[in-house]
Amino acid sequence: AQSVAQPEDQVNVAEGNPLTVKCTYSVSGNPYLFWYVQYPNRGLQFLLKYITGDNLVKGSYGFEAEFNKSQTSFHLKKPSALVSDSALYFCAVRERSSASKIIFGSGTRLSIRP
Amino acid sequence: EPEVTQTPSHQVTQMGQEVILRCVPISNHLYFYWYRQILGQKVEFLVSFYNNEISEKSEIFDDQFSVERPDGSNFTLKIRSTKLEDSAMYFCASSGHRGGHEQFFGPGTRLTVL
C-alpha cells in the first residue's frame, strides 16, 4: 500500500535562511510526487510535482524539491525563506497504476520568524 | 486564472439529515475528485469520477455517499444520513488528465454535523 510520511509536525526557520520540509514515501513502482500548501481557511494549492526526468524540480514561489529514489524521499526546499511562506505543507504521492487516488502526508506546519 | 469553486463554504446539519455539497470544477477538466480533512488530521481521498462514473473510491466512501454530475458544470457529493463523524472539511478537486498531473483543489466546504 502506498503511504507518505512527513516526520516533522512543525519546522521553524528564520526569515532569509534556507528551509527544508522532509517527506518520504512508500509505493510500488515509480511514483508521481507532489507538494501542496494550505493557508488558513483556504484550499490546497499546488506547488510542484515530480513525474520523471530531472531529480530536482522547481515550482511556485521559489520552492523546489529533490527526488531521491534510493532514499525514497522528496524533500521540499527553498534557499531563502519569507514570512509569507508560513503555512501548512503537504507531501503527496500517487502510484502510476492508480486511476487517480492521491495519498497525502500528515502535513508539516512551517513557521518563518522575522 | 480558472479555479475550482465550492458551495456552501460552511454547512451545519443535524445528524441523520441529508446534505449535498456542490462543486464547480475547472471548465475543461475531465476528472473530478472529493477529499475530506477531519480537523487536525490528514487529507483523505474519497472518490474520483470520470466519464459519468466512479473510477475509484476509498473505503470511507460507503453506501451513504454518492456523487453526481447533474449538468455540464456541477459536481456534487451527497451524504444521505449524516453522522457526527462526517464532520470535516470536504474538498473538491479536478484535473485535466490522468497520469502525473496535478489536481486543482477548491477552497472546501466545512460540514458540521450536530
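In what follows, chains carry the letters A, B, and so on, assigned in the order in which the sequence lines appear, proteins first and then strands, with residues in each chain numbered from 1. Quantities reported herein were computed from a predicted structural model and do not represent experimental measurements.
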Visitor: Report the distance from atom OG of B/S58 to atom NZ of A/K101, rounding to the nearest 0.5 Å.
Guide: 7.0 Å
Visitor: Around atom CG of B/L39, are there more than 12 heavy atoms of other residues, nucleotides or ligands at under 6.0 Å?
Guide: no
Visitor: Using the rule that Ile, Leu, Val, Met, Phe, Trp and Tyr join whenever any side-chain heavy atoms are under 4.5 Å apart, tell me whether B/M15 and B/I79 fall into a single cluster.
Guide: yes
Visitor: Counting only non-hydrogen atoms closer than 4.5 Å, can you tell me which residues of residues 63-71 of chain B sit against chain A?
Guide: none
Visitor: Within this structure, what is the CZ-CD distance for the pair A/R94 and B/Q103, rounded to the nearest 0.5 Å?
Guide: 7.5 Å
Visitor: Below 4.5 Å from any heavy atom of chain A, which atoms of B/Q41 appear? Answer side chain, backbone, both or neither.
Guide: neither
Visitor: Most heavy-atom pairs under 4.5 angstrom with chain A, which of B/K42, B/Q6, B/K57?
Guide: B/K42
Visitor: Identify whether B/M89 and B/W34 are in the same connected component of the hydrophobic contact network (ILVMFWY, side-chain heavy atoms under 4.5 Å).
Guide: no
Visitor: Strictly under 6.0 Å, is that where the ring centroids of B/F45 and A/F104 end up?
Guide: no
Visitor: Measure from the side-chain N and O atoms of B/Y33 to the backbone N and O of A/I102, and report whether any donor-acceptor pair falls under 3.5 Å.
Guide: no
Visitor: Would you say the ring centroid of B/F105 lies under 6.0 angstrom from that of A/F46?
Guide: no
Visitor: Transitively linked via ILVMFWY side-chain contacts under 4.5 Å: A/L82 with A/L88?
Guide: no
Visitor: Would you say A/Y39 ends up clustered with A/V21 if hydrophobic residues are merged whenever their side chains have heavy atoms under 4.5 Å apart, either directly or through other cluster members?
Guide: yes
Visitor: A side-chain contact here means heavy atoms from C-beta on lying under 4.5 Å apart; do A/Q38 and B/F91 qualify?
Guide: yes
Visitor: Is A/Y32 reachable from B/F104 through a run of I, L, V, M, F, W or Y residues, each pair having side-chain heavy atoms under 4.5 Å apart?
Guide: no
Visitor: Step through the shown structure and confirm whether more than 12 heavy atoms of other residues, nucleotides or ligands are within 6.0 Å of CG on A/D54.
Guide: no
Visitor: Under 4.5 Å between any side-chain heavy atoms of B/Q37 and A/F90, yes or no?
Guide: yes
